[in-house]
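All values derive from a computational prediction rather than experimental measurement.
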Protein chains: 2
Amino acid sequence: MTEPYLGEFEQTVLLAILRVGDDAYAIPILDQIHEHTGRRVARGALYTALDRLEAKGCLRSRVGEPLAERGGRARRYYTVTPGALRALKQARASLLRLWRGLEARLDSKS
Amino acid sequence: MTEPYLGEFEQTVLLAILRVGDDAYAIPILDQIHEHTGRRVARGALYTALDRLEAKGCLRSRVGEPLAERGGRARRYYTVTPGALRALKQARASLLRLWRGLEARLDSKS
DNA sequence: AGTCATTTGCCTGCATTGTAGGACAAATAC
DNA sequence: GTATTTGTCCTACAATGCAGGCAAATGACT
């Protein structure tokens, strides 16, 4: 499989999922994104991203058992696929390569 | 000015411009992108990105003197604005925050 | 039982970005 | 003057980013 292109937001989502771990469903993912980036995105925005990532083979999902809790609609849990992991690492490497040596020059200004 | 949103490719372009430095026009920028990311984008793709970045206030441009060289059409040189620089740093910081602590966990697989 | 609030998922639509291909411009070489 | 080289721009379409609102499922309250 050719490594798919990952947009900026898609990368963020994938990383957030990895951070949350096994129990990654929409709300904690959203929290994670907000916590680490300060961005507050709408749920709908996240779900479309999740759908498209799954369609591209970057994610697998399973619906959990309906919970016996207050507002218990069944959650959908997500897992990052190995291919997406590779793409992620590659994107990160490119970014770092482009940044390398730039910090010094840029800190003198700003 | 509110910090504008920067897509993945836009970030790449801005960083490449910073790397190239004062003489940054389309072709060297393209080379820089290819050299550091392996991506080979079409010139047209780059120009539209440059246009949009300038429209968003992320870039300034000036046309140089027509060169007295073989194919000497006037070049358009680009400079990154301070606001774009801030946005760039912020995006990088977010990404790194999301990555932090993840490498260890991920290297064990793949 | 019948609402009501709560938690979560999903659909629909539009805005913004990503990307290529080729037309056009200006200059030199012959 | 026509071919060649180096560059810029225009046009069009695909992919991503993003939100608002509706639907589903459950416990709580009366």
May I have the distance from B/Arg76 (atom CZ) to C/dA25 (atom P), rounded to whole angstrom?
15 Å
With sequence neighbours excluded, residues passing side chain to side chain contact (heavy atoms under 4.5 Å, CB included) with A/Ala26
A/Leu46, A/Tyr47
Rounded distance in Å - CD (A/Glu54) to C1' (D/dT16):
17 Å
Taking only residues two or more places apart in sequence or in another chain, which ones pass side chain to side chain contact (heavy atoms under 4.5 Å, CB included) with B/Arg97?
A/His36, B/Ala93, B/Ser94
In whole Å, what is the span from the CG atom of B/Leu53 to the C1' atom of D/dC9?
16 Å
Residues forming a side chain to side chain donor-acceptor pair (under 3.5 Å) with A/Arg76, sequence neighbours excluded:
A/Ser61
Could you pick out which residue, A/Arg73 or B/Ala74, lies toward the 5' side of DNA chain C when each is mapped onto its nearest nucleotide?
A/Arg73
Reading nucleotides 12-22 of chain C from the 5' end, what letters show protein touch, with B for base, S for backbone sugar-phosphate only, - for no heavy atom under 4.0 Å?
B----BBBBB-
For A/Leu14 against A/Val80, the heavy-atom pair lying closest together:
O-CG2, 3.9 Å
Which residue pairs satisfy the salt bridge (Lys or Arg N to Asp or Glu O under 4.0 Å) criterion with at least one member in residues 25-39 of chain B, sequence neighbours excluded?
B/Glu8-B/Arg39
Residues touching DNA chain D, which here means a heavy atom under 4.0 Å, drawn from residues 24-31 of chain A
none
Whole Å only: how far is the CG atom of B/Leu59 from the P atom of D/dC9?
13 Å
Check side chain to side chain contact (heavy atoms under 4.5 Å, CB included) between A/Val20 and all other residues, then give those that pass, not counting sequence neighbours.
A/Ala24, A/Pro28, A/Gln32
Filter on salt bridge (Lys or Arg N to Asp or Glu O under 4.0 Å), then keep only pairs touching residues 15-28 of chain B, sequence neighbours left out; what's left?
none
List the residues meeting side chain to side chain contact (heavy atoms under 4.5 Å, CB included) with B/Arg62, not counting sequence neighbours, and say none if there are none.
B/Tyr77, B/Thr79
